[in-house]
2 protein chains.
Amino acid sequence: MLSKKTKYGIKALVHLARQEERTPVQISTISKAENISQKFLESILLTLKKNGVLGSKKGKGGGYYLLKEPKDIPMTTVMRLLEGPIAMVPCVSLNFYEKCEDCPDEKICAVNKLMLEVRDNTLKIFRNTTLADLSN
Amino acid sequence: MLSKKTKYGIKALVHLARQEERTPVQISTISKAENISQKFLESILLTLKKNGVLGSKKGKGGGYYLLKEPKDIPMTTVMRLLEGPIAMVPCVSLNFYEKCEDCPDEKICAVNKLMLEVRDNTLKIFRNTTLADLSN
DNA sequence: TATTACTCTACTAAATCTATAGGGTAAAAG
DNA sequence: CTTTTACCCTATAGATTTAGTAGAGTAATA
């Protein structure tokens, strides 16, 4: 299941990408437009900012804005920041690899085999889909 | 994340598929071989039985066995029974569809668009992968 | 200098996961 | 008829995650 955090994050990013100009947009504006709890959205935008996806401006006329062009923001970045690993099992994760305790040998493991294929395909989609693709 | 329930279920099914003969295998045997808590495994095999994947035999020489050939058991069946929806979001689920409360129009929704593509790809893999494929 | 908006910490209510523990019942084989 | 094993049910519980809420603090801009 996709968490609401990620869902809201994507919606907010798309909202920003759909802006004509790259002027800052207030949290409250996005929150109302996308039906997201303002405080929750605040924490989401903050992690996106800390990780170089968004910039922010304080004071009057402040808000959040994209730091890169939508076409240069792949969904892998967004998913990893908000949702965490893309793989369904840690033993097939690229960025969050962990060995299974219960599994004697990954090369023989059926679950590993299956989930590796799923990860490869999902990763391909996230890599090839940018914020620009979702904003049309 | 894949739940342990599903993970254990797949491992147990593969264990059964790898048997030379289709004679019943005891829960305790599978539990030991695959490092799975016996009671937990019991409940997993029970749901697989209730849904037509496994058969069981009581008493001495009893246990669980596959009701179909491994090549006739696609992973879609197993995933849906144990893990639930294959889609990451209910609004793109085939078997567990639900409308999002916060979303005014699915056709415009970026999350919907992205997750629909992911679901299509994942589904294709699960449909084309059978228990036989995992048992080699 | 007042307003607006971002920053940060802490807390919480509810749900889900992953079991564990233990009871009893039913069927099949020897 | 006795043993074995599956079936079925309830209750408990620690850990983690989710989806927020509350409130105080800080910084920039008009």
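Reminder, nothing fancy here: chain letters follow the sequence lines and each chain counts from 1.
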Using a distance-only test with no angle check, is there a side-chain donor-acceptor pair under 3.5 angstrom linking A/Thr130 and A/Lys71? no
Assess the side chains of B/Glu83 and B/Ser3: does a donor N or O sit below 3.5 Å from an acceptor N or O? yes
Are the side chains of [Y] and [X] in contact, using a 4.5 Å heavy-atom criterion?
{"X": "B/Ile10", "Y": "B/Tyr8", "value": "no"}
{"X": "B/Leu67", "Y": "B/Ile73", "value": "no"}
{"X": "A/Pro74", "Y": "A/Arg127", "value": "no"}
{"X": "A/Cys103", "Y": "B/Lys11", "value": "yes"}

Mind checking if A/Lys50 touches a base, just sugar-phosphate, or nothing, with heavy atoms under 4.0 Å? sugar-phosphate
Which part of the nucleic acid does B/Ile27 contact within heavy-atom distance under 4.0 Å: base, sugar-phosphate only, or nothing?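 Sugar-phosphate, no base atom in range.
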Each nucleotide in nucleotides 25-30 of chain C should get exactly one letter: B, S or -. Can you fill that in based on protein heavy atoms under 4.0 Å? --BSS-
For nucleotides 12-25 of chain D, read 5' to 3', which letter fits each nucleotide if B means a protein heavy atom sits under 4.0 Å from the base, S means only the sugar-phosphate is that close, and - means neither? -------SBB-BB-
For [X] and [N], give me the distance from atom [atom1] to atom [atom2], rounded to whole Å.
{"X": "A/Leu41", "N": "C/dA5", "atom1": "CG", "atom2": "P", "value": "14 Å"}
{"X": "A/Leu48", "N": "C/dC6", "atom1": "CG", "atom2": "C1'", "value": "15 Å"}
{"X": "A/Gln26", "N": "D/dA28", "atom1": "CD", "atom2": "P", "value": "18 Å"}
{"X": "A/Leu45", "N": "C/dT7", "atom1": "CG", "atom2": "P", "value": "10 Å"}
{"X": "B/Ile36", "N": "C/dT20", "atom1": "CD1", "atom2": "P", "value": "12 Å"}
{"X": "B/Tyr65", "N": "D/dA6", "atom1": "OH", "atom2": "P", "value": "12 Å"}

Quick check against the 3.5 Å criterion: does [X] have a side-chain atom that pairs as donor or acceptor with the backbone of [Y]?
{"X": "B/Thr6", "Y": "B/Leu2", "value": "no"}
{"X": "B/Arg119", "Y": "B/Met88", "value": "no"}
{"X": "B/Asn128", "Y": "B/Lys124", "value": "yes"}

Does the side chain of A/Tyr64 get closer than 4.0 angstrom to OP1 or OP2 of C/dT7 through an N or O atom? yes
